[in-house]
2 protein chains.
Amino acid sequence: MSSIAPGPAGADHDHQHCIEQAVALAGEICQRRGVRLTPLRRRVLQLVWKSHGPVGAYAILDWLRTEDGRSAAPPTVYRALEFLIEQRLIHRIESMNAFVGCVDPSRPHAAQYLICRKCGIVTELEDQSITDAIAQQASQRGFVVHDQTVEVHGICGRCAASAAASRSATPAHPA
Amino acid sequence: MSSIAPGPAGADHDHQHCIEQAVALAGEICQRRGVRLTPLRRRVLQLVWKSHGPVGAYAILDWLRTEDGRSAAPPTVYRALEFLIEQRLIHRIESMNAFVGCVDPSRPHAAQYLICRKCGIVTELEDQSITDAIAQQASQRGFVVHDQTVEVHGICGRCAASAAASRSATPAHPA
DNA sequence: GAACCTATGTTATGATATATCGCTCGCGAT
DNA sequence: ATCGCGAGCGATATATCATAACATAGGTTC
Ligand SMILES: [Zn+2]
Ligand SMILES: [Zn+2]
Ligand SMILES: [Zn+2]
Ligand SMILES: [Zn+2]
């Protein structure tokens with residue numbers, strides 16, 4: 001009834017704990033900010049956190065209908081997502097038209113995302129050297145930055161390691 | 001019958017020249033690579049270059065129909081775009097679901113884009129310091145980079161300058 | 001000239017996102 | 001208490017972006 005998250009969620013930790021922690025923290029933050037984390041918004045946040053990978057709006061819509069039996073239409077979901085994004089409780093992954101929970105919603109940040117093509121896990125960075133490099137190039141050209149989108153696609157450390165392991169398990173000249 | 005491009009294209013240069021140059025260069029590159037820049041693909045490239053801003057697939061579709069009178073459906077356009085992307089003659093702007101001509105298609109490159117919210121112009125950078133900062137953070141985490149998406153939204157130098165000019169033209173305490 | 005490959009046409013559908021209207025509920029002002 | 005008001009959400013319709021699947025046309029190989 002809890003614990004281990006499936007496949008792309010990260011296969012080996014108490015993911016239920018990730019979800020609970022994210023939702024609890026969101027509650028505090030919203031209270032502090034004087035904005036309303038309504039039951040629907042809370043539930044959508046929970047669903048975004050169903051995995052550590054990007055989750056599509058229509059997947060959330062399906063879950064609202066099938067798991068909750070709730071009547072729901074696209075605007076239901078998109079309005080909740082819009083709120084969560086404004087509050088920086090989730091991020092939108094532009095290159096996938098999907099959404100992912102923010103790992104550090106307390107303070108504003110320019111984040112970067114490492115997105116694994118194998119397992120789907122998104123690692124959120126807040127690396128100043130990347131932010132600075134971008135800011136520097138922009139300002140050199142008189143460009144005023146409002147908003148950075150940095151999405152890196154590739155293979156995560158874990159998947160790379162397991163691929164290497166299975167390769168070395170095979171005979172030296174397999175084909 | 002030529003020259004000055006409208007609005008978001010860049011209001012003050014011989015944009016027809018930009019287009020012709022891009023298409024001619026594309027022709028050479030494709031020949032060198034032994035791939036076929038067919039009339040349709042050439043025309044779609046031309047249409048992507050209609051401005052220096054991102055152009056949507058369906059805008060291209062409309063132009064094919066209304067300007068060329070050609071029978072065209074979405075796959076017509078998307079297939080041509082796919083070819084042009086593979087050949088790196090254009091880039092996809094993920095955060096806008098749109099496409100922009102590549103300013104330096106000869107060699108492969110990891111590019112970054114400065115996208116102006118006012119005038120729509122996209123400035124393509126190929127900055128090693130950004131690429132390196134990303135590569136370094138990734139490899140530190142064992143992440144193998146396949147592909148970087150860096151899209152910076154904000155106000156370009158020209159628009160910022162003209163906004164500042166019109167502000168300073170107004171009385172000191174306007175409201 | 002038959003087999004084959006590439007590019008394109010054609011039809012249908014899938015996937016993502018927004019516009020608009022109207023209802024309800026909580027809450028402060030009168 | 002009741003009125004007005006705004007936030008949240010339900011519901012319907014539609015807009016926007018993208019691909020699947022199959023048909024056709026033309027050129028190349030043998
Ligand atoms: Zn987890
Ligand atoms: Zn992975
Ligand atoms: Zn130009
Ligand atoms: Zn501008």
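All figures in this text were calculated on a predicted structure; none of them were measured in a lab.
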Please identify which of these residues, B/Glu124, B/His91, B/Glu151, meets the side-chain hydrogen bond (donor to acceptor under 3.5 Å, both in side chains) condition with B/Tyr113. B/His91
Looking at C/dG9, D/dG8, D/dG10, which one has an atom nearest to any side-chain atom of B/Thr76? C/dG9
How many Å lie between CG on B/Asp62 and P on D/dA15, as a whole number? 13 Å
Consider the side chain of B/Thr38, meaning its heavy atoms from C-beta on, and name the nucleotide among D/dC17, C/dT8, C/dT16 that approaches it most closely. C/dT8
Between B/Leu47 and B/Trp63, which heavy-atom pair has the shortest distance, and what is it? O-CZ3, 3.7 Å
Which whole-number value in Å describes the distance from A/Met96 CE to D/dC17 C1'? 16 Å
What class does the angle between the rings of B/Tyr58 and B/Tyr78 fall in, given that below 30° is parallel, 30 to 60° is tilted and above 60° is perpendicular? perpendicular
Out of D/dA18, D/dG10, D/dT12, minimum distance to the side chain of B/Asn97 belongs to D/dA18
Just how far, in rounded Å, is C1' of C/dA15 from OH of A/Tyr78? 8 Å
What nucleotide among C/dT18, C/dA17, D/dC9 has an atom nearest to a side-chain atom of A/Arg92? C/dA17
Rounded distance in Å - CG (B/Leu40) to C1' (D/dG26): 15 Å
Closest to the A/Arg36 side chain: D/dG8, C/dT10, C/dA19? D/dG8
Testing D/dG10, D/dA21, C/dT11 for proximity to the side chain of B/Arg79, the answer is D/dA21
Of A/Ala80 and A/Pro74, whose closest DNA chain D nucleotide lies nearer the 5' terminus? A/Ala80
Check the surroundings of atom CD in A/Gln31: do more than 12 heavy atoms from other residues, nucleotides or ligands lie under 6.0 Å from it? no
Rounded distance (Å) that lies between atom P of C/dA19 and atom CD of A/Glu82: 10 Å
Taking atom P of D/dT12 as reference, at what distance in whole Å does atom CG of A/Leu61 sit? 14 Å
Angle between ring planes, A/His15 versus A/His52, binned at 30° and 60°: parallel, tilted or perpendicular? perpendicular
Does the D/dA18 base have a donor-acceptor partner in the side chain of B/Tyr58 within less than 3.5 Å? yes
Using heavy atoms to find the nearest nucleotide of DNA chain C for A/Ala73 and B/Pro75 separately, return the residue whose nucleotide is more 5′. B/Pro75
Separation of D/dG8 P from A/Leu64 CG (nearest whole Å): 17 Å
How many Å lie between CZ on A/Arg43 and P on D/dG10, as a whole number? 14 Å
